[in-house]
Student: 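First the structure, then my questions, so here it is.
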Number of protein chains: 2
Amino acid sequence: MTTLHIVDDDEAIRDALGWLFQSRNVPVAGWPAAEAFLEAWRPDMAGCLLLDIRMEGMSGLELFDRLLSKGCRMPVIFLTGHGDVPIAVSALKKGARDFVEKPFNDNELVDRVIDALAFDAEQREREAGQAGLAARLATLTQRERQVMELVVAGRLNKVIADELGISMRTVEVHRSHVFEKMRVKTAVELTRLLTGAA
Amino acid sequence: MTTLHIVDDDEAIRDALGWLFQSRNVPVAGWPAAEAFLEAWRPDMAGCLLLDIRMEGMSGLELFDRLLSKGCRMPVIFLTGHGDVPIAVSALKKGARDFVEKPFNDNELVDRVIDALAFDAEQREREAGQAGLAARLATLTQRERQVMELVVAGRLNKVIADELGISMRTVEVHRSHVFEKMRVKTAVELTRLLTGAA
DNA sequence: GCCGACTCTGCGGATATCCACAATAGCCGC
DNA sequence: GCGGCTATTGTGGATATCCGCAGAGTCGGC
């Protein structure tokens with residue numbers, strides 16, 4: 001479920017934001033502490049994060065850092081009450097999606113959150129495609145993988161046979177297994193698949 | 001020449017920064033006004049930009065916008081005296097490389113400038129490759145381009161012949177011209193070239 | 001010890017691709 | 001009008017790729 005996760009230790013703000021977003025049909029989950037969200041986070045969690053900078057315990061920035069190191073790629077929008085340019089710059093350079101000062105304009109914030117949710121959805125779609133690809137790649141044997149790499153590098157079968165020290169016929173066999181497992185019919189299609197072309 | 005361009009209407013700051021960077025062997029050019037730099041800018045200008053936000057006449061932000069719309073992709077580092085988070089956020093989201101508040105730490109600024117210069121050099125190298133590619137693409141005739149697209153899409157010659165309503169032989173001729181002009185030997189190489197694969 | 005995988009190889013034929021030689025035709029500029 | 005560029009097509013042969021049929025050796029699990 002693609003949800004807006006609001007992490008803020010101020011219950012009044014969580015409630016107010018919850019109200020705001022639910023009235024715009026954006027599903028919301030509130031978290032009273034960075035630690036709680038960090039604990040609950042899972043790689044398959046979809047949506048985006050609205051993160052207060054200043055909180056009791058772990059700060060929003062630290063939560064962001066920890067999520068990044070866990071591999072989280074959910075878009076993050078920071079909320080901050082006291083403008084601090086260096087913090088904003090560093091957060092954005094680390095990949096935060098936005099950095100909004102309180103008091104904020106409701107409509108603007110909603111727009112940014114909706115953008116972020118859409119971005120996350122697209123990103124997940126791309127990654128789903130990549131996952132299917134990875135699954136198919138995983139069914140290849142070592143040898144098949146080697147042959148595939150050389151095919152995608154543009155080598156002819158005879159050259160591949162040479163480089164691997166095996167017969168052309170064997171290369172053909174591996175090559176055809178690769179095509180079959182990767183569900184393509186030509187070397188060009190395989191190349192596009194692996195280089196992530198449109 | 002890869003130069004640090006300092007745009008600031010305060011001569012004292014230009015001088016101070018000029019001194020700082022020249023002492024670190026970074027070539028510097030000073031510009032007293034955004035208008036002057038905008039006028040002088042050329043697409044082949046290499047290096048990076050150190051841009052004061054608040055200036056007489058055109059502001060640093062407006063200069064940045066205008067450069068962007070002219071297609072300038074030089075890395076830009078903003079210098080500002082009065083921290084303004086929304087401005088910083090918007091500049092970074094537009095692609096500015098950094099946003100530094102005065103007073104700044106000399107060493108840190110130098111590091112960021114050097115990073116930016118290195119980035120620009122890399123970017124130019126990539127673009128030089130792309131330019132060579134574009135030049136070769138420009139030598140193709142319409143028909144050759146059509147055939148090329150279908151080849152890169154993974155179609156067999158007979159299919160291409162069908163789709164274009166011409167004979168296979170003609171497709172072969174165009175195809176071989178494409179390979180020759182693009183300096184590749186196989187369809188896979190051509191695909192990698194066009195999809196920008198490593 | 002048998003079965004299943006992965007790997008390796010050969011033979012021969014059907015397709016596909018690459019290319020030299022050869023020719024026709026439209027268009028454009030000098 | 002002639003020369004150059006582009007597009008078109010054919011013939012025929014050299015290579016390369018695709019595949020079914022067949023067999024063989026290794027290794028690991030039941």
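A, B, ... follow the sequence lines: proteins, then strands. Residue 1 opens every chain. Keep in mind it's a predicted model, so treat the numbers as computed, not measured.
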Student: Going by atom type alone, with no hydrogens or angles, which donor-acceptor pairs under 3.5 Å involve a side-chain atom of residues 21-30 of chain B and a protein atom two or more places apart or on another chain?
Tutor:
{"from": "B/Ser23", "atom 1": "OG", "to": "B/Leu20", "atom 2": "O", "distance (Å)": "2.6"}
{"from": "B/Arg24", "atom 1": "NH1", "to": "B/Asn107", "atom 2": "OD1", "distance (Å)": "3.3"}
{"from": "B/Arg24", "atom 1": "NH2", "to": "B/Asn107", "atom 2": "OD1", "distance (Å)": "2.7"}

Student: Going by the rule salt bridge (charged side-chain N to carboxylate O under 4.0 Å, His left out), which residues pair with B/Glu144 if we only count those two or more places apart in sequence or in a different chain?
Tutor: B/Lys181
Student: Enumerate donor-acceptor pairs with a distance under 3.5 Å from any side-chain N or O in residues 161-170 of chain A to protein atoms, sequence neighbours excluded.
Tutor:
{"from": "A/Glu163", "atom 1": "OE2", "to": "A/Arg155", "atom 2": "NE", "distance (Å)": "2.8"}
{"from": "A/Ser167", "atom 1": "OG", "to": "A/Arg169", "atom 2": "N", "distance (Å)": "3.4"}
{"from": "A/Ser167", "atom 1": "OG", "to": "A/Thr170", "atom 2": "N", "distance (Å)": "3.2"}
{"from": "A/Ser167", "atom 1": "OG", "to": "A/Thr170", "atom 2": "OG1", "distance (Å)": "3.0"}

Student: Using atom names, set out every protein N or O paired with an N or O of nucleotides 4-7 of chain D below 3.5 Å, distance rounded to 0.1 Å.
Tutor:
{"from": "D/dA7", "atom 1": "OP1", "to": "B/Thr141", "atom 2": "OG1", "distance (Å)": "3.1"}
{"from": "D/dA7", "atom 1": "OP1", "to": "B/Arg143", "atom 2": "N", "distance (Å)": "3.3"}
{"from": "D/dA7", "atom 1": "OP2", "to": "B/Thr141", "atom 2": "OG1", "distance (Å)": "2.5"}

Student: Could you work out, with side-chain contact (heavy atoms from CB on, under 4.5 Å) as the rule, every residue matching B/Asp15, not counting sequence neighbours?
Tutor: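 With sequence neighbours excluded, B/Asp15 shows a side-chain contact (heavy atoms from CB on, under 4.5 Å) to B/Glu11, given in chain and number order.
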Student: Let me check something: any side-chain donor-acceptor pairs from residues 112-123 of chain A under 3.5 Å, sequence neighbours excluded? List them with distances.
Tutor:
{"from": "A/Arg112", "atom 1": "NH1", "to": "A/Asp98", "atom 2": "OD1", "distance (Å)": "2.7"}
{"from": "A/Arg112", "atom 1": "NH1", "to": "A/Asp98", "atom 2": "OD2", "distance (Å)": "3.2"}
{"from": "A/Arg112", "atom 1": "NH2", "to": "A/Glu108", "atom 2": "OE2", "distance (Å)": "2.9"}
{"from": "A/Asp120", "atom 1": "OD1", "to": "A/Arg124", "atom 2": "NE", "distance (Å)": "3.3"}
{"from": "A/Asp120", "atom 1": "OD2", "to": "A/Gly47", "atom 2": "N", "distance (Å)": "2.7"}
{"from": "A/Asp120", "atom 1": "OD2", "to": "A/Arg124", "atom 2": "NE", "distance (Å)": "2.9"}
{"from": "A/Gln123", "atom 1": "NE2", "to": "A/Arg73", "atom 2": "O", "distance (Å)": "3.0"}

Student: Take the C1' atoms of the five end pairs on each side of the helix from C/dG1-D/dC30 to C/dC30-D/dG1, get both axes, and report the angle to 10 degrees.
Tutor: 30°
Student: When every nucleotide of nucleotides 16-21 of chain C is labelled 5' to 3' by its protein contacts under 4.0 Å (heavy atoms), B for base, S for sugar-phosphate only, - for none, what sequence of letters results?
Tutor: SBBBBB
Student: Quick check against the 3.5 Å criterion: does B/Arg192 have a side-chain atom that pairs as donor or acceptor with the backbone of A/Val152?
Tutor: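 Yes; judged by distance alone, with no hydrogens or angles, the pair exists.
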Student: By the ring pair (Phe, Tyr, Trp, His ring centres under 6.0 Å) test, which pairs, at least two apart or in different chains, include something from residues 151-180 of chain B?
Tutor: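 Not a single pair qualifies under ring pair (Phe, Tyr, Trp, His ring centres under 6.0 Å).
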Student: Checking A/Lys94 now: which residues fulfil salt bridge (charged side-chain N to carboxylate O under 4.0 Å, His left out) with it, not counting sequence neighbours?
Tutor: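 Here the qualifying residues are A/Asp65.
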Student: Using the test side-chain contact (heavy atoms from CB on, under 4.5 Å), find all partners of A/Leu38 that sit at least two apart in sequence or belong to another chain.
Tutor: A/Met58, A/Leu63, A/Arg66, A/Leu67, A/Lys70
Student: Which pairs count as salt bridge (Lys or Arg N to Asp or Glu O under 4.0 Å) when at least one residue sits in residues 46-58 of chain A, sequence neighbours excluded?
Tutor: A/Asp52-A/Lys102
